[in-house]
Q: 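Can you keep this structure in mind? I'll have questions shortly.
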Amino acid sequence: MAKGQGLTTRTEDYAKWYGEVIEAGDLAEHSPVRGCMVIKPYGYALWENMRDVLDRMFKDTGHSNAYFPLFIPKSYLSKEAEHDEGFAKECAIVTHSRLIPTPDGKDLMPDPSSKLEEELIIRPTSETIIYGAIKNWIQSYRDLPLLLNQWANVVRWEMRTRLFLRTAEFLWQEGHTVHATAEEAEEETAKMLGVYADFLENWAAIPVLQGRKSESEKFAGADHTYCVEAMMQDRRALQAGTSHNLGQNFAKGFDLTYQTQEGKLEHAWTTSWGVSTRLIGGLIMTHSDDKGLVLPPKLAPHQVVVVPIWRKDAQKDDILAYADKLVAPLREKGIRVHLDARDKMQPGKKFYEWEKKGVPLRLEVGPRDMENDGVMTVRRDTGDKAPMAREAFLDGVQATLDEIQATLLAKARAFREENTHAVDSYDRLKEIVEGDGGFCRALWCGSDACENQVQSETKATIRCIPFDEPEEKGDCIICGESNEKIGKRIVWSKAY
RNA sequence: CGGGGUGUGGCUCAGCCUGGUUAGAGCACGUGGUUUGGGACCACGAGGUCGGCGGUUCGAAUCCGCCCACCCCGACCA
């Protein structure tokens, strides 16, 4: 994208648009390390806001934060067979602890004598290292439930990466809980999925489908996986968060046992759940437009930006003093406001910049406004521009921000509904998937064979078996067998 | 890991085919001035081991060899 011009539009090239929005919004950039990104201050501020809200939600549901090591002894990974198989092919491995100069003295190489006794895996997820530690914390049913969360970075050596959506290293939170009964573990798994759905809809303004993953899509090592799925503006699905009921699989692998009230020794029941910096990608692809980022007020680093305008230097001090009559009251109301007092920059340039950065509400204050005790307001979501009296603006600003938040959610929900189709034949499924795309609600027999066939022929996958689908008996659109095992429509879509 | 492509100031690229003083342009950046209600203009200025190593040559960004990195398209995935 050339500076001083517009972005590639979504219809021209969606992937290119996505990259340009990130660049123009100053969120992140590629690092010299393959598949890794540098999250810039503005992008990190967005992540911090997400993190703070989620962290509060986790604590309100009884969880405590802890921190476990980045390195996992290789042997830990082989204690849960499915888990091992699921992650082994994308691990970074530490083999040495020291560098020495090469024989020609021009480079460095691992010192053969520093080869580790046991190689260390850089965590792709922390179940194994956490169970290794907490099995010693739990002896009695009185020690349960154990409700932990960790904010951390993890590494998965992915083949193809995209900023935020799939990077070799990413930031996330991973909840890990241990329970005395299967019922409690199931309740926890469902509860945390609900927390994610709440966060996504009410804070990120991203409507989500809640549901269960098919056997082939579930987390490696889980009994079953629940997920929240969102639709991006190119009508592809994004798995925004997952919550896994791990049953006793990991407890057995790590000998995580507790003594019951009756004095018997039993394996515990565990869960894990996570969301990552991928959510930033989801936020971008849900709300942003051809002018750049559009951020929901509840998560935006700056909810309001004030651009002062002066014609002559002599006016500058007066205008800035007047701008403060907006900025100070906004701060008092707890609104995140930024005054852009940069000199030697034309107002128009600032307008474009904050538009690209997705600030929900822009205020322009110049001599005319100062004279009228007014302010010019511009909404990022609709582009609506309106002059207002200062006091009236201040009285209504929170309501305006709430309305922007609600508008974004409603718009995203309407888009998803428009692009969700009830599909009753495989031909129709292919037609949609190969055409505009979207979510296809269809009957499915529950077999891997049908799932694999669709995936290899169309690239679409089963995103989830939604909770809120009504019961519906009928024949699988692929093989024609009865769907009695599933008993309702499931959702197919291409996904990120 | 297969197929394709690209490596030259912060960014986008020209120069390479046909080797020849001091490697260019636009954007961005700095200073000064005029500007400022939707991306300003003028002047001056700073910034480069031309991805790395080796070879050919009097001389290499340019030719040859090897290596590395990144990007795009596939198979795999939060």
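Chain A is the first sequence line, chain B the second, and so forth, proteins listed ahead of strands; every chain is numbered from 1. Note: hydrogens, waters and symmetry copies are ignored here, and every other heavy atom, side chains too, is used.
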Q: For atom P, what is the distance between B:C17 and B:G51, given to the nearest Å?
A: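 Going atom to atom, P in each nucleotide, I get 15 Å.
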
Q: Any chance you could measure A:Thr177, atom OG1, to A:Leu246, atom CG, to the nearest 0.5 Å?
A: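 Those atoms lie 8.0 Å apart.
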
Q: Of the options B:A75, B:A78, B:G38, whose atoms approach the side-chain atoms of A:Lys459 most closely?
A: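 So the nucleotide nearest the side chain must be B:A75.
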
Q: With both distances under 3.5 Å as the test, what is the Watson-Crick or G-U wobble partner of B:C66?
A: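 Its partner is B:G52 (Watson-Crick or G-U wobble, both distances under 3.5 Å).
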
Q: Just list the side-chain donor-acceptor pairs under 3.5 Å for residues 191-206 of chain A, sequence neighbours left out, or say none.
A:
unit_1	atom_1	unit_2	atom_2	d
A:Tyr196	OH	A:Gln173	OE1	2.5
A:Tyr196	OH	A:Gly274	N	3.0
A:Asp198	OD1	A:Asn202	ND2	2.6
A:Glu201	OE1	A:Arg413	NH2	2.8
A:Glu201	OE2	A:Val208	N	2.9
A:Asn202	ND2	A:Asp198	O	3.4

Q: Rounded to whole angstroms, how far apart are CE on A:Met285 and C1' on B:A78?
A: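 Going from A:Met285 (CE) to B:A78 (C1'), I get 13 Å.
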
Q: Has the side chain of A:Glu217 got a donor or acceptor atom that lies under 3.5 Å from a matching backbone atom of A:Cys464?
A: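 Checking the backbone N and O of A:Cys464 against the side chain of A:Glu217, no donor-acceptor pair under 3.5 Å is found.
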
Q: Let's see if you can work this out: which of B:A78, B:G39, B:G37 has an atom nearest to the side-chain heavy atoms of A:Asp369?
A: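 Closest of the options to the side chain of A:Asp369: B:G37.
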
Q: How close or far is atom P of B:C27 from atom CD of A:Glu20, stated in whole angstroms?
A: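 Those two atoms, CD and P, are 19 Å apart.
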
Q: For nucleotides B:U6 and B:C16, find the distance between their P atoms and express it as a whole number of Å.
A: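 One P to the other, the span is 15 Å.
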
Q: Using the six-membered ring for Trp and the full ring for Phe, Tyr or His, decide whether A:Tyr352 stacks on the six-membered base ring of B:G39 (centres under 5.5 Å, planes under 30°).
A: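 According to the criterion (under 5.5 Å, under 30°), yes, A:Tyr352 stacks.
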
Q: Across the strands shown, which category fits A:Phe170 at heavy-atom distances under 4.0 angstrom: base, sugar-phosphate, nothing?
A: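 Base contact - A:Phe170 has a heavy atom under 4.0 Å of at least one base atom.
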
Q: Watson-Crick or G-U wobble partner for B:G47, using a 3.5 Å limit on both distances?
A: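 The answer is none; no pair meets the criterion.
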
Q: Can the ring centroids of A:Tyr426 and A:Trp492 be said to lie less than 6.0 angstrom from one another?
A: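 No: the rings miss the under 6.0 Å criterion.
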
Q: Can you check the distance between B:U57 and B:C64, where both ends of the measurement are the P atom (answer in whole Å)?
A: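 Nearest-Å result for B:U57 against B:C64 at atom P: 16 Å.
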
Q: I need the CG-P distance between A:Leu7 and B:G39, as an integer number of Å.
A: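 Going from CG in A:Leu7 over to P in B:G39 covers 17 Å.
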
Q: With salt bridge (Lys or Arg N to Asp or Glu O under 4.0 Å) as the test, would you mind laying out the steps for A:Asp290 and A:Arg10 before giving the verdict?
A: CA-CA 6 Å; A:Asp290 293 341; A:Arg10 287 162 290 180; 2.8 Å; yes

Q: Look at all strands and tell whether A:Glu364 reaches a base, only sugar-phosphate, or nothing, counting heavy atoms closer than 4.0 Å.
A: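 The answer is base, as A:Glu364 lies within the cut-off (heavy atoms under 4.0 Å) of a base atom.
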
Q: B:G38, B:A78, B:G39: which one has an atom nearest the side-chain heavy atoms of A:Gln239?
A: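 From the listed options, B:A78 comes nearest.
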
Q: Using the P atom on both, measure B:G33 against B:G26 and round to a whole Å.
A: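 These two P atoms come out 24 Å apart once rounded.
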
Q: Would you indicate which nucleotide in B:U36, B:A78, B:G38 comes nearest to any side-chain atom of A:Arg311?
A: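 The answer is B:U36.
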
Q: Without decimals, in angstroms, what is the distance between A:Trp172 CH2 and B:A78 P?
A: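 Distance check: A:Trp172 CH2 to B:A78 P gives 10 Å.
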
Q: Return whichever of A:Lys312 or A:Ala168 has its heavy-atom-nearest nucleotide of RNA chain B closer to the 5' end.
A: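 Whichever sits nearer the 5' end wins; that is A:Lys312.
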
Q: What contact category does A:Asp313 fall into here, base, sugar-phosphate, or nothing, at under 4.0 angstrom with non-hydrogen atoms?
A: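 Touches a base.
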
Q: Which base, if any, makes a Watson-Crick or G-U wobble pair with B:C16, both distances under 3.5 Å?
A: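 Partner of B:C16: none.
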
Q: Whom does B:G2 pair with, Watson-Crick or G-U wobble, provided both distances fall under 3.5 Å?
A: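 WC or wobble partner is B:C73.
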
Q: Which nucleotide in the list B:G38, B:U36, B:A28 gets nearest to the side chain of A:Lys349?
A: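 Selected nucleotide: B:A28.
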
Q: What's the gap between B:G2 and B:G9 when it is taken at their C1' atoms, as a whole Å value?
A: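 Those two atoms are separated by 36 Å.
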
Q: State which of B:A78, B:G38, B:U36 makes the closest approach to the side chain of A:Lys385.
A: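 It is B:G38.
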
Q: Can you identify which nucleotide, out of B:G38, B:A78, B:U36, has its nearest atom closest to the A:Phe351 side chain?
A: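 Closest of the options to the side chain of A:Phe351: B:G38.
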
Q: Let me know the distance between CG of A:Asp340 and C1' of B:G39, rounded to the nearest Å.
A: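 That distance rounds to 14 Å.
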
Q: Quick check: A:Phe164 with A:Tyr496 (ring centres under 6.0 Å apart)?
A: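 Centroid separation for A:Tyr496 and A:Phe164: 6.0 Å or greater.
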
Q: Tell me the partner of B:G39, counting only Watson-Crick (N1-N3 plus N6-O4 or O6-N4) or G-U wobble (N1-O2 and O6-N3) with both under 3.5 Å; none if nothing fits.
A: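 B:G39 is unpaired by these criteria.
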
Q: Provide the Watson-Crick or G-U wobble partner of B:U22, both distances under 3.5 Å; none if there is no partner.
A: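 WC or wobble partner does not exist here.
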
Q: Can you tell me, in whole Å, how much space there is between the C1' of B:U35 and that of B:C42?
A: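 Roughly 11 Å separates the two C1' atoms.
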
Q: Let me check something: any side-chain donor-acceptor pairs from residues 299-307 of chain A under 3.5 Å, sequence neighbours excluded? List them with distances.
A:
unit_1	atom_1	unit_2	atom_2	d
A:Gln303	OE1	A:Arg336	N	2.8
A:Gln303	NE2	A:Pro297	O	3.0

Q: Does OP1 or OP2 of B:G32 have a side-chain N or O of A:Lys344 closer than 4.0 Å?
A: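 For B:G32, OP1/OP2 do not have a side-chain N/O of A:Lys344 under 4.0 Å.
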
Q: Classify the nucleic acid contact of A:Leu238 as base, sugar-phosphate or nothing, counting any heavy atom under 4.0 Å across all strands shown.
A: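 If one applies the 4.0 Å heavy-atom cut-off, A:Leu238 turns out to touch nothing in the nucleic acid.
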
Q: State the pairing partner of B:G10; accept Watson-Crick or G-U wobble contacts with both distances under 3.5 Å, and report none otherwise.
A: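 Its partner is B:C27 (Watson-Crick or G-U wobble, both distances under 3.5 Å).
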
Q: What nucleotide, of B:U36, B:A78, B:G39, holds the atom closest to the side chain of A:Ile309?
A: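 Of B:U36, B:A78, B:G39, B:U36 is nearest to the side chain of A:Ile309.
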
Q: Closest-nucleotide mapping onto RNA chain B: is A:Thr161 or A:Thr277 further toward the 5' terminus? I mean the 5' end.
A: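 Going by which nucleotide is closer to the 5' end, it is A:Thr161.
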
Q: Using whole Å, report how far CZ of A:Arg342 lies from P of B:U35.
A: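 Answer to the nearest Å: 22 Å.
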
Q: Between atom CD1 of A:Ile490 and atom OG of A:Ser214, what is the distance when rounded to the nearest 0.5 Å?
A: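 So the gap between those two atoms works out to 8.0 Å.
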
Q: Any donor-acceptor pair under 3.5 Å joining the side chain of A:Glu355 to the base of B:G38?
A: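 In this structure, the two groups form a donor-acceptor pair.
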
Q: Side chain of A:Pro367 only, heavy atoms from C-beta on: which candidate in B:U36, B:G39, B:G37 is closest?
A: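 Shortest atom-to-atom distance from the side chain points to B:G37.
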
Q: Describe the nucleic acid contact of A:Thr461 in one word from base, sugar-phosphate, nothing, applying a heavy-atom distance below 4.0 Å.
A: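 Nothing, no nucleic acid heavy atom in range.
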
Q: Please give the distance between the C1' atoms of B:C13 and B:C71 as a whole number of Å.
A: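 To the nearest whole Å, 16 Å.
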
Q: How far does the C1' atom of B:C11 sit from the matching atom of B:G48, given to the nearest Å?
A: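 B:C11 and B:G48 have their C1' atoms separated by 14 Å.
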
Q: Of the listed nucleotides (B:G37, B:U36, B:A78), which one gets closest to any side-chain atom of A:Trp310?
A: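 Looking only at heavy atoms from C-beta outward on A:Trp310, the closest nucleotide is B:U36.
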
